[in-house]
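Reading through the structure tokens given below for one structure.
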Amino acid sequence: MVAQGLTISPGGARRLLECRVGDIASVSGVEADPSEASLLRAMGLRPGAVIRVCRVGEPSVVEVISGHTCVCHCRCRIGLARPLASRVMVKEVPTGVEVAGAVGAVGAVGAVGAEG
Amino acid sequence: MAFSKRVVLLGNPNTGKTTLFNRLCGLRAKTSNFPGTTQEARVGETRIGGAGGAGGVVVEVIDLPGVYSLELEQSEAAVCREVLAGRLMPRGERAGDPDVACVVLDAANLPRNLVVAGEVLRRRLPTVVALNMIDLARRDGVEIDSGVLSERLGCAVVPVSARSGEGVRSLQDAIASARVTNITPPGSVEGLEAWADGVYAACVRLAPGAVRHAGPGDPSAHAGDVGPVGGRAASPHGLRARTQADTTDRIDRVTMNPALGPVLLAGVMAALFWSIFSLATYPMDWIDWFFGAVVARVHENLPEGILADLLADGVLAGVGATVIFLPQIALLFFLISLLEDTGYLARAAMMMDRLLRPFGLPGHAFVPLLGSHACALPGIMAARAVPDRHDRLATILVAPFVTCSARLPVYVLLTGLLFRGEPLKASVAFVGCYALGLAAALVSAMIARRTILRGSSRPMALELPTYKLPSLRTALATTIDRSWVFLRNAGTNILAICVVLWWLGAYPKVDPPGEVAQMRERAADPALPPDEAASLAADADHAEARHARARSFAGRLGHAIQPVFAPLGFDWQLSVGVLTSFAAREVFVSTMAVVTTGREDAEEEGVMEMVREATREDGSPIFTRRVAWALLVYYVLAMQCLPTLAVTAREAGGARWAFLQLAWMCGVAYLAALGVYHLVA
């Protein structure tokens, strides 16, 4: 099962600002200065973290779904000013990692990137 | 009081740390700042051990600033590091190592929260973990095995709900017997994150059917209750969690909508201001009445002389002038705390970030600027929440431009004078004053960020907490705390300044002029009808007061400084008003009342009118249209509040920032007033 509406191209990294609302992606890095990058990492946006894009633009909002492990209940939502959102790089969620809410319908779970 | 133990509370922001602090310490706590920083902590006391009964001991509890990691460059993290190392304590507290570190974790966001726990454990302090919001985690189908967690961390782990009070007694007992852990979490960021993931995987128990997602780097393939990896239907718990996220999404779609969001924000702000400027007026009137009555009693019961004058007109008038703003300050903090607790304020700050950033201010500056509408003192203190130093300095420097409530009596006097009998135009002018102040703040910030505080504001990253019903207890604790800080800071400053101003205005004592003696003689004539005699005696009193004020030190200063204000059309009487209102702007109307009419009570019916019609010594009106406009603009923009300067110096970390603020605001005000004076002509 593949998440609907995913705009992350297989294997490629793109900016958070280029995602669409509802996309599930994995953080690949933050192109900010070390102090900003450390703060974002400590807030949960660490490499490999799976995020759900809740809002794109000014500001952008992401929900951190997991670090490396997670339960489908997460309450960690981070607002990012546009300049910061443009520095957050995301990529396709690695094969085998399944993510709650990856499909539009409530109650379904998908293994994102299974075809990647 | 010397405590047997000192406990520090620390953890991520939004973990309910402050709610837990309030639960442990009640409403009797104080806020102290850390020397040499703009960070502050709440300090309280709680009883530990004795199974929650009276048999335990009272210990000191310090609520440290929330941090995502102790190793960040932020000042919050630096303060926590120094406190844990025993090198820093809030002002007034004895130095030394904390005896117990109580790490507060959000049970529903454990992987991230455990990183801070690991950083604390590495410091080898007796540690206790409070696993907060355990009720919410349970509701969402997440069971944390606190026994396994305690084993993995090597310290006591107590599931608590700070909101309901569940587990708080157990936590107090655990603090009493806290011990140093025997485990050493990794030191590197990557190692610590992997360790946190491992600890989490070991202790989490999902309700049957709930979903866990294993990533490629998952260090522990914990089976147990966890279902197989692969697509399947979500559990009822998963559904609930998903529904909650959907609800948050739906509310966010309104609160952060580009069109609806600003409208909602404007509505919330309008309601806030309405509360401050309407509801708060009742207690303000009571305070005014109370101080008026006390002053009258002092004059009645004490013999005339320096003691009665000092007590009534210096001390009590000074205290009254401060305390009268307390209802507005308290209400403002109460409402802001409620809004913050709902989760809305974080969204509002994110929305404002877009509007403020072009001026070099971050969204964090929103709350300080909002608070400054009541009074710049709490506004500047609220700037402590602005993380970047340059952003914070810019916020502090420009916050006093925003119209505070002390300017309102002057606005009432002057807009009423400019638009007599035209309330609509007067209202528009009133709103224009607010807009001018805000515009001056934003433009000044922009100039500061291109000159002395070069750079753009730090782009904002803010955790957006889940929407929830606000806690009255937390709001009440914040209100009491902030009100006390306001009274202590402003009360002492304003009191001292008012005593000095009273002295300048009351001394040297001069003999009444001959005409006053003649008026009194005529008033004493038994042939005169009693009404006329009383009126004549009152006129004599006013004339004497006016004469005394003109020859007082303040009057002489007014004469001396008048050439500076002459280009703005101000005469010596207005110059005295401007000069005395450096203590506090609201003093202007009462000073003008004394200078021009001899009456002090500006609230008295007709006195405002008399001030408006006051004349110069040559008989021409003081408040011509040009002068009124120039004065209005001057009062909107000028820095005329010594307590604010004192707080600026303290919060910005040096008197030079206060001098800069004074020079910049007064310079801008003078030039703008000069421009308006000539433009109106």
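Below, read A as the first sequence line, B as the second, and so on, with proteins coming before strands; counting in each chain starts at 1. What you see is a predicted model; the values in this text were computed from it and never measured.
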Okay, A:L40 and chain B: the region with an atom under 4.5 Å from a heavy atom over there is side chain
Using heavy-atom distances under 4.5 Å, tell me whether [X] contacts chain A through its side chain, its backbone, both, or neither.
{"X": "B:P258", "answer": "both"}
{"X": "B:R347", "answer": "side chain"}
{"X": "B:N257", "answer": "backbone"}
{"X": "B:N12", "answer": "neither"}

Looking only at heavy atoms and a cut-off of under 4.5 Å, which of B:E73, B:E190, B:R354 has the most pairs with chain A?
B:R354
Does the pair [X]/[Y] count as a salt bridge with the N-to-O cut at 4.0 Å?
{"X": "A:D33", "Y": "A:R87", "answer": "no"}
{"X": "A:R77", "Y": "A:E63", "answer": "yes"}
{"X": "B:R449", "Y": "B:D391", "answer": "yes"}

Between B:D106 and B:T15: side-chain donor-acceptor atoms closer than 3.5 Å:
no
Face-on cation placement of A:R41 at B:Y68 ring, 6.0 Å and 45° thresholds
no
